[in-house]
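Some notes on the structure that comes next.
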Amino acid sequence: MSRGNRVVLAYAPQTDIAVAPKTGWKTLPRTGDSLNHGVELTKSETINDSRIATAGMVTSAKAEGSVDVEMIKSTYDDFIAGSAFNPWNADVLTFGGNTQAMFALAKDYTDIAQYHYWSGMMVNKMSLKVPESGFITMNFDFMGSGYSNTTTAPYAIGTSSSPTAPKASTISVDSITIDGENLKGVACITDFSFEVDNGLERQNCIGGGLYGAKNLEMMANMSGDFTLAYSQKSQSILNKQLTGATIAITAVIKFPDGSSYTLNIPKAQISGDVPNGKATDLLKAQMKYTVVEQAPTITRTITP
């Protein structure tokens, strides 16, 4: 019988889904995951010599799931780039590109010698969440092209450890500005999120096998939300939804060692409601935003 504290997840970049990586494996720190393998069993309609149904057949399968993490400096940069469909370029990452990045994921249940392996995993969705209090968290949702398991030996060979610090929390947020203005003390932001959905679609072809021929990215939809303490400034931002005017959002996350990640969203359209509340409530304006026209970027500054 297995225990959760004996389960180890690792990943490695992959170029050929038919070949398991022999090098480059790294431990993947996480708070949880939903990696899974599902199959579609097609029911047979063949009539035999009794009223008992004949056996169905597996006609397709899915390799997919998500990984939840606390934001750690440098540890998840490969997956962030995977969600952007672009490589890092001089520490700047532009979202909405056309470069597919694939990963192999290996999950080892070490106490029962049960080893699982997913191949050709691509980041379909990514989310970054800054809560009102606590750790900044991220989620990576994957779609892949293959799966297997064994009890013989781990798929991840020569796995290296990944750092588990420094982590980012709410107090790591240096600033979140709207149209270049820091709203601290005017209409402070109490929480913030950013999400990317690459809309991966599976291309099925005759001869493509259980997992289809390929996963293809569609429109890159980027959105999120934030909450403002309600004030005249907050209402002036809410009023932009009346005309469809855009706002620019910049979020700077600094780690205790001086490293930082700066998310820049040049143009986003917003929607939200006039806040309501009880006499004892601090009134807040909750707003949703959708990225339009210009690609967001993340700029990283990494202290060794």
Side-chain angles (χ1 to χ4, degrees), residues 1-41 58 60-83 101-129 131 134-169 195-196 198 200 210-211 215 255:
M1 293 176 285
S2 186
R3 293 155 289 176
N5 62 356
R6 297 292 297 276
V7 180
V8 179
L9 186 62
Y11 82 97
Q14 187 171 37
T15 55
D16 186 345
I17 60 174
V19 179
K22 302 299 182 185
T23 60
W25 286 99
K26 296 180 181 179
T27 302
L28 180 55
R30 72 199 189 286
T31 58
D33 71 82
S34 62
L35 294 171
N36 198 15
H37 173 256
V39 298
E40 179 181 345
L41 187 67
V58 175
S60 68
K62 295 180 180 179
E64 59 187 7
S66 63
V67 177
D68 300 309
V69 305
E70 295 167 341
M71 189 176 185
I72 304 170
K73 184 190 82 170
S74 300
T75 299
Y76 308 107
D77 287 5
D78 289 343
F79 294 157
I80 298 173
S83 74
M102 295 192 302
F103 305 94
L105 297 177
K107 191 173 183 180
D108 298 349
Y109 293 73
T110 59
D111 50 357
I112 60 170
Q114 181 67 58
Y115 309 108
H116 298 259
Y117 170 79
W118 290 265
S119 63
M121 299 290 270
M122 298 166 61
V123 182
N124 184 26
K125 300 177 183 178
M126 182 201 77
S127 67
L128 168 72
K129 294 185 179 180
F135 286 114
I136 296 175
T137 61
M138 304 183 75
N139 173 273
F140 300 97
D141 186 81
F142 295 90
M143 286 180 62
S145 301
Y147 166 83
S148 62
N149 68 78
T150 185
T151 58
T152 304
Y155 293 93
I157 302 170
T159 304
S160 63
S161 297
S162 294
T164 56
K167 295 177 182 175
S169 69
E195 300 179 0
V196 180
N198 288 299
L200 283 176
L210 283 177
Y211 299 93
N215 292 319
F255 291 86

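Basis for what follows: all heavy atoms, side chains included, without hydrogens, waters or symmetry-related copies.
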Which heavy atom of [X] sits nearest to which heavy atom of [Y], and what is that distance?
X: Ala106; Y: Tyr155; value: CB-CB, 4.3 Å
X: Ser66; Y: Asp141; value: CB-OD1, 3.7 Å
X: Met126; Y: Ser83; value: SD-OG, 3.5 Å
X: Tyr76; Y: Pro29; value: OH-O, 2.7 Å
X: Phe103; Y: Asp78; value: CZ-O, 3.5 Å
X: Pro154; Y: Asp108; value: CB-OD2, 3.7 Å

Throw together a table of side-chain donor-acceptor distances under 3.5 angstrom for residues 18-28, partners on residues two or more places apart or in other chains.
| from | atom 1 | to | atom 2 | distance (Å) |
| --- | --- | --- | --- | --- |
| Trp25 | NE1 | Pro21 | O | 2.9 |
| Thr27 | OG1 | Ser160 | O | 3.4 |

Are any of the side-chain heavy atoms of [X] and [Y] separated by less than 4.5 Å?
X: Tyr147; Y: His116; result: yes
X: Leu35; Y: Leu9; result: yes
X: Tyr211; Y: Ile17; result: no
X: Glu195; Y: Lys125; result: no
X: Met122; Y: Leu200; result: yes
X: Val67; Y: Val69; result: yes

I need the single residue from Asn139, Thr137, Thr31 that forms a side-chain hydrogen bond (donor to acceptor under 3.5 Å, both in side chains) with Asp68. Which is it?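 Running side-chain hydrogen bond (donor to acceptor under 3.5 Å, both in side chains) over Asn139, Thr137, Thr31 with Asp68 returns exactly one hit, Asn139.
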Keeping [X] on the side-chain end and [Y] on the backbone end, is there a donor-acceptor pair under 3.5 Å?
X: Thr110; Y: Arg6; value: yes
X: Asn149; Y: Gln114; value: no
X: Thr150; Y: Tyr115; value: no
X: Gln14; Y: Gly120; value: yes
X: Asn36; Y: Glu64; value: no
X: Asn215; Y: Ser145; value: no

Aromatic ring pairing Phe142/Phe140, orientation class (parallel under 30°, perpendicular over 60°, tilted between):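 If you compare the ring of Phe142 with that of Phe140, the planes turn out tilted.
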With rounding to the nearest 0.5 Å, note down the distance linking CE in Met121 to OH in Tyr11. 14.0 Å
Can you tell me if Lys167 has over 12 outside heavy atoms packed within less than 6.0 Å of its NZ? yes
Is it the case that the side chains of Asn124 and Asn198 hold a donor-acceptor pair, with the cut-off being a distance below 3.5 Å and no angle test?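 Checked: Asn198/Asn124 side chains show no N/O donor-acceptor pair below 3.5 Å.
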Counterpart residues, side-chain hydrogen bond (donor to acceptor under 3.5 Å, both in side chains), relative to Ser2 (two or more places apart):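 Scan of Ser2 (side-chain hydrogen bond (donor to acceptor under 3.5 Å, both in side chains), adjacent residues dropped) gives Asp111.
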Walk me through it: do Val7 and Arg30 pass the test side-chain contact (heavy atoms from CB on, under 4.5 Å)? CA-CA 11 Å; Val7 180; Arg30 72 199 189 286; 3.5 Å; yes
Yes or no on side-chain contact (heavy atoms from CB on, under 4.5 Å) for Val58 and Leu210, after CA distance, side-chain angles and deciding distance? CA-CA 8 Å; Val58 175; Leu210 283 177; 3.8 Å; yes
